[in-house]
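Excluded from the calculations below are hydrogen atoms, water molecules and symmetry mates; all remaining heavy atoms, backbone and side chain alike, are included.
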Amino acid sequence: SVHSVFATEATGVVERVPCIRLGDYLNANGIARVDLLKVDAEGSEMAILQGLGDRIEQVDVIVGEVHERLVDQAAFYGFLKQHGFHVVATWPAHYATDCHMFEVARPPHP
């Protein structure tokens, strides 16, 4: 658990993996709209959302987990609010005290 792309005091094990921005993935695979996006990225939540680029406008609901020691809460929820999302709910994660679960949504599209 708590695997992250950020350096920590952990074992120092490094694994290189290929990555693609989420917006580029959606475009490359012809995905026009995302009804529900689950984000559980061990501290990389902002990078994932920013990687959507303008495609964030085609996402309706986002649920996930935020590690409070790795993610600036004001920046995270401020970014979502700037893109039309409102917080539906937040609740503590069942296994840790430094992270919580969330659901954000935008008004239904026509």
Side-chain angles (χ1 to χ4, degrees):
S1 68
V2 189
H3 300 295
S4 178
V5 296
F6 298 109
T8 66
E9 302 119 25
T11 63
V13 174
V14 175
E15 182 75 29
R16 295 194 183 276
V17 295
C19 296
I20 183 172
R21 289 183 182 203
L22 186 52
D24 294 339
Y25 178 86
L26 296 175
N27 292 336
N29 289 283
I31 300 170
R33 180 149 218 96
V34 176
D35 296 322
L36 174 65
L37 174 63
K38 180 185 183 270
V39 178
D40 184 357
E42 308 306 320
S44 295
E45 292 80 10
M46 277 296 292
I48 289 170
L49 296 179
Q50 291 167 336
L52 279 163
D54 62 351
R55 294 300 308 275
I56 196 167
E57 304 305 324
Q58 285 84 45
V59 177
D60 295 329
V61 177
I62 304 173
V63 297
E65 175 183 86
V66 174
H67 287 266
E68 295 153 4
R69 64 185 164 80
L70 300 173
V71 177
D72 179 316
Q73 303 302 290
F76 181 75
Y77 288 109
F79 178 85
L80 289 165
K81 184 177 180 182
Q82 284 179 326
H83 290 282
F85 290 94
H86 68 276
V87 176
V88 175
T90 63
W91 60 97
H94 67 282
Y95 61 87
T97 58
D98 64 346
C99 66
H100 67 271
M101 311 303 285
F102 71 92
E103 178 181 350
V104 296
R106 63 174 69 250
H109 54 84

Discussion item. How long is the straight-line distance from CD of Glu65 back to CD of Glu45, given to the nearest 0.5 Å?
Written reply: 7.0 Å
Worksheet item: Measuring from Arg55:CZ to Asn27:CG, what's the distance to the nearest 0.5 Å?
Response: 4.5 Å
Worksheet, complete the sentence: Connected to Leu36, directly or through other members, by ILVMFWY side-chain contacts below 4.5 Å are Val61, Val63
Fill in: Closest non-hydrogen atom pair between Arg106 and Val59, with its separation
NE-O, 2.6 Å
Worksheet item: How long is the gap from CD1 on Ile20 to CG on Asn29, to the nearest 0.5 Å?
Response: 7.5 Å
Worksheet item: Only one of Ile48, Val39, Val34 forms a side-chain contact (heavy atoms from CB on, under 4.5 Å) with Ile62, so which one is it?
Response: Val39
Fill in: Distance in Å, Glu103 CD paired with Lys38 NZ, rounded so as to fall on 0.5 Å steps
13.5 Å
Worksheet item: Hey, does Leu37 have a side-chain heavy atom less than 4.5 Å from the side chain of Leu22?
Response: yes
Please list, one pair per line, the donor and acceptor atoms closer than 3.5 Å that link side chains of residues 74-88 to other protein atoms, with sequence neighbours excluded.
from  : atom 1 : to     : atom 2 : distance (Å)
Tyr77 : OH     : His100 : NE2    : 2.7
His83 : ND1    : Glu57  : OE2    : 3.0
His86 : ND1    : Ala105 : O      : 2.9

